[in-house]
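In what follows, chains carry the letters A, B, and so on, assigned in the order in which the sequence lines appear, proteins first and then strands, with residues in each chain numbered from 1.
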Amino acid sequence: MKMSQYRVSRREVVKLASSIAGLGAAGALIPFGRELSAEEALESLSSGFMAIGDPRFSQLSSAALEGARAAGAQFADVRINVQRLLALDQSNRGAQRTFLRDTAELGVRALVDGVWGFAGTAGVTADNARDAARLAVARGRAARSRRGKRSEIAPVPVVREGRWITPIEIDPFTVPIRHQHDFMVNALQAAVGGKSAQAIVEGASANLFWMKSDRVYASTDGSFISQRTHSALPAVTVRVSRSDDETLGVSAYPKTLRRGGYGYEVLTQVKWEEALRSAAEEALRIASLPARSVDVGRYDVVLSPTMMAQVVVDTIGRALELDRARGDKADTVGTSYAMPPLDVLGKYQLGAPLLTVTADRSRPKANATVGWDEEGVKPEEFVLVKDGMIIDFITTRSTASELTKWYDSMKAPLRSHGCASRSGGDPPILQVPNLSIQPGKNAASTEDLIKDVKRGFYIEYGDGGTDQQCLNAQYAGGLAYEIRDGKRIGRALNLAIQFSTPQFWKSLFALGGPGSASLEHLAIDRATDIVSQAGVQSVPARFRQVNVINTGKQA
Amino acid sequence: MTEDAALGLISRPEAEEIAKDVVARAQQALPTAKVLASLGTSSAANARFARNEILDVSGSEGVQVGLALELDGGSAFTYSDRTDPEGRAALVAEAVGSVRQSRAARPVLIRPPRNFTDPPLFFEASVRAREPAYQGDLIRSLAEMIERAQLTGTGAMRVSARTTTVFNSAGFLGHSRKTYGEVTVNVRTPGGKGSGWSWSGGEDFSKITAQTVGERAVSLAQRSADPVAVEPGRYTVILEPEALAQLMDAVVGGPTESMSYGAAAAGSTVFSVYKEKKRAGTKVGLQLADRRVQLISDPMDRDIPHSPLHINGTIMSRVQWIENGVLRQLSTSDVPNPGAIKLEITGETQTLEEMIASTRRGIWVHRFSPPLLMSPLTLLLTGVTRDGTFLIENGKVTKAVKNLRFSESPFFVLNKIDSFGSAVRASEALACPRLKVRDFEFTALSDAI
């Protein structure tokens, strides 16, 4: 395929975007599959898609809420989500995939005599909204408790006119597809051609993934909240293989590429030649290192911020989902070591005093950052684990009241922490928000942590998870190094770490300092196939005497 | 109001009309393009309970209209959920614009017109099982039964109805519809030490008896109330079909990209061959498992049927992925993975009683925590047992045991077969037999319940 010589200058992209952005609707949803001239862009703003501010949001939510009331609900809320998703794949050999999806969904949740009913619909018409409302109420009636038990819903201030937009510079849905393909195919050329004595760059690929959601939350309490969130999840990979052993391939990623609440600027901000050359050099260097299958045993292990983020989400974030911890998911993913919740709070020493984990939905650029959650709650930062002790859970309005006794004893208000997610046609669910690991007090870097290890391992990235109670975990090292006398001496193959969650966190010995922190992005609900991403402000960490096993078995 | 509309489902004529209209509009804009339109609809209804109380009754409707276009060496795949004329016009405009700009290499397959017949996949009983009152009553009865046994129950019923319609620029027209439902129940003992789980699922909800599912879970919970610790190590293990299906899921699902030929050829899965550390193609033709092992997908299979219609317009027929332990086929766009596969072992089957009676010392496993991939090239998995793990000594089930972490690959397991039962539906996507396996490795004790 002939390589395109087209280069998109930042000036051109910004010019195109601002010709649309300046029109008041702040990047309204427009059909952008066509390449638009500025005049066409002006014309097409009045297309059928709905952007926040469109009066239809208000009309539809009224129809839904009135319908729910009329059918007998004591409380109802409605979520309308109009979302665009663009996924483009390229490699240094050319464009590979073009995928664009538009959805418009509406969901009504009704509380009928203390029980919940929900109905979601695709097709945002007033008739559908009313039908969904009636069905939600019928479901609420059908869900009546055997013993007259009523669901409690934690209070929330009414928000009459809430509005929040992820601050970005360039709406990726105003950058024509051809520009995006050509830009990355061109950029990826910088990775090609590199080689060393033992290794060769096989190729480079980019997966661009842009999501934009215009949505409204409204409730019979009188809240009406409009939000637009942008999510950029680009992944660029340079692949290197060893000439003498093709099972020892290495992937490296440009360090300056961000993910999260960004627009197209996340690509235009990167100096691609430098970033890719650097990634290729790193991959070649790693591939050329000696590589050895690990000897099992107990060792000190240093985890990169990326690896730490994953372990924190799996072993702490998920375990402190209140619905999970009170047993709502015992038939599916399982339960938690942190149960029963009221027996754990202020009593369960999960880890070393060094460990403090906070949660938020306000960190700039982190993917779980919003103005309000999917129940109209304005999230505030809160502390989950303080000095190793569990002191709170991840909550929503329908779960928070479980902890009333605890909040009373702490003289804290009963409120949801605003962790309801998922919008539109599916019921809101409790999800791990952004997390933050408090850095160590000293200005330690990853290298400083490694320097103190006489014999152990450093895990840059890997994959794994926990058991049904978040109690035991195992992670295989995708890229791991052997450490001897404070130095990385080679790659560690077939490495996995295995641990019991409280023992592991109690063996936390050192954390990277504030300068070593980085914002990582993870998919956080793999078991149920719900792809959502939260940001974890993470640091590297060192753990004492972790069980290291070998995954190289052949029978 | 048509029957379909009353049921909240799109009718066949309406679905076909929409798909044809989308293609016609696309052809008007791009007369020389390859055009494939698909329309998928889904209608799901669920009811959940936890700690013997209903949590909620919910459900969602979904629609996806897809338009795949290929023109002058570029292709684009565009989707929306608006089926009204204005929505279709918008979809076509986006798709046309996207393909004009795209240089993406992925081709759009255009199949010639072909007829096919669906096996029985759509059942009235499942459609009715979506009614809120029915769901509420079923869940309440389950919760009541578990409470009477002085235990704590958590579970759900989930039922869905789906339609798929495909039309392309060669005139291929296909429509299929199916229903699927499940009841899953977990039961715990008062101290929380005992836990049992059971399920039932299939296209026809009338074949599911929720009370039986509940009773099985209750029984398992009661029997697992006082677990003792056993040493990790290699054991003879009896895997219930559901537990084996959890392992087999790694063979047919994500870790192998649904048994993809392309991924295997690229060197990244358990189906890749390396000779002297160099990529050397795929394992097609190689003996991967015991000679009695068959891995089949067949639209007409009575335990795990599927529609021959694939969303890319391919008409699928019976595929023998593994025959007598030899890998025969990996998935491609011509031979796609239908997501409905049966593992069958040829030969004389044994009942559970016979398997237990002939075990001197072994462990009986009902379920695992979701297995995690440790090594893509061997498909080594790890996970922890749950919801009913028992010790067998001298031909009898003697005690409940504390859960254990395992380290195994499905392809190691399928080479250590001792005895087996007949294949049964073990999950939505798999039918598996009960399997007794030698030298199954547990690497650690777990205190997880």
Go through the atoms of [X] and report whether side chain, backbone, both or neither lie under 4.5 Å from a heavy atom of chain B.
X: A:R141; result: neither
X: A:A496; result: side chain
X: A:A473; result: backbone
X: A:D323; result: neither
X: A:I549; result: neither
X: A:Q554; result: both
X: A:S500; result: neither

With a 4.5 angstrom heavy-atom cut-off, which part of [X] approaches chain A: side chain, backbone, both or neither?
X: B:S407; result: both
X: B:D439; result: neither
X: B:V63; result: both
X: B:A143; result: both
X: B:A76; result: both
X: B:E147; result: side chain
X: B:L380; result: side chain
X: B:T378; result: side chain
X: B:S409; result: neither

Minimum heavy-atom separation for [X] to [Y], with atom names?
X: B:L372; Y: A:G465; result: CD1-N, 3.2 Å
X: A:T247; Y: B:Y274; result: CG2-CD2, 3.5 Å
X: A:R139; Y: B:A44; result: NH2-O, 4.1 Å
X: A:Q498; Y: B:A444; result: OE1-CB, 3.8 Å
X: B:L55; Y: A:R326; result: CD2-NH2, 4.4 Å
X: A:S145; Y: B:E53; result: OG-OE1, 3.0 Å

Query raised in the report: Around atom NZ of A:K553, are there more than 12 heavy atoms of other residues, nucleotides or ligands at under 6.0 Å?
Result: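 Buried by this count: over 12 neighbours within 6.0 Å.
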
Query raised in the report: Should we count NZ of B:K278 as having more than 12 external heavy atoms under 6.0 Å?
Result: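 Buried by this count: over 12 neighbours within 6.0 Å.
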
Requested in this report: Quick one: which of A:R97, A:R242, A:M339, A:K149 has the most heavy-atom pairs under 4.5 Å with chain B, could you say?
Outcome: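 Top option by heavy-atom pairs under 4.5 Å: A:R97.
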
Report summary line: Counting heavy-atom pairs under 4.5 Å with chain B, the top scorer among A:H181, A:Q469, A:E105, A:R147 is A:R147

So [Y] and [X], do their side chains get closer than 4.5 Å, heavy atoms only?
X: B:P132; Y: A:L135; result: yes
X: A:T335; Y: B:I449; result: no
X: B:Q64; Y: A:R101; result: yes

Can you tell me how far [atom2] of [Y] sits from [atom1] of [X], rounded to the nearest 0.5 angstrom?
X: B:R100; Y: A:I177; atom1: CZ; atom2: CD1; result: 12.5 Å
X: A:L100; Y: B:S98; atom1: CG; atom2: OG; result: 5.0 Å
X: A:D245; Y: B:E276; atom1: CG; atom2: CD; result: 11.5 Å
X: A:D331; Y: B:R188; atom1: CG; atom2: CZ; result: 10.0 Å
X: A:L88; Y: B:Q101; atom1: CG; atom2: CD; result: 10.0 Å
X: A:R84; Y: B:S80; atom1: CZ; atom2: OG; result: 10.0 Å

Let's test your reading of the structure: which of [options] forms the most heavy-atom pairs below 4.5 Å with chain A?
options: B:G136, B:A133, B:G155; answer: B:G155
options: B:V57, B:N186, B:D56; answer: B:V57
options: B:V413, B:D84, B:N52; answer: B:N52

Query - Residues forming a side chain to side chain contact (heavy atoms under 4.5 Å, CB included) with B:N46, sequence neighbours excluded - result: B:S58, B:R158

Treating [X] as the side-chain partner and [Y] as the backbone partner, does any N or O pair qualify as donor plus acceptor under 3.5 Å?
X: A:Q468; Y: B:T385; answer: yes
X: B:S60; Y: A:G425; answer: yes
X: B:D81; Y: A:A104; answer: yes
X: A:K329; Y: B:T154; answer: no

Query - salt_bridge(A:D467, B:R386) N-O dist < 4.0 Å - result: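 B:R386 and A:D467: not salt-bridged.
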
Query - Chi angles and distances behind the salt bridge (Lys or Arg N to Asp or Glu O under 4.0 Å) call for A:D182, B:R103 - result: CA-CA 9 Å; A:D182 289 348; B:R103 294 192 236 277; 2.9 Å; yes

Side-chain donor-acceptor distances from residues 115-125 of chain A under 3.5 Å, at least two apart:
from	atom 1	to	atom 2	distance (Å)
A:T125	OG1	A:N128	N	3.1

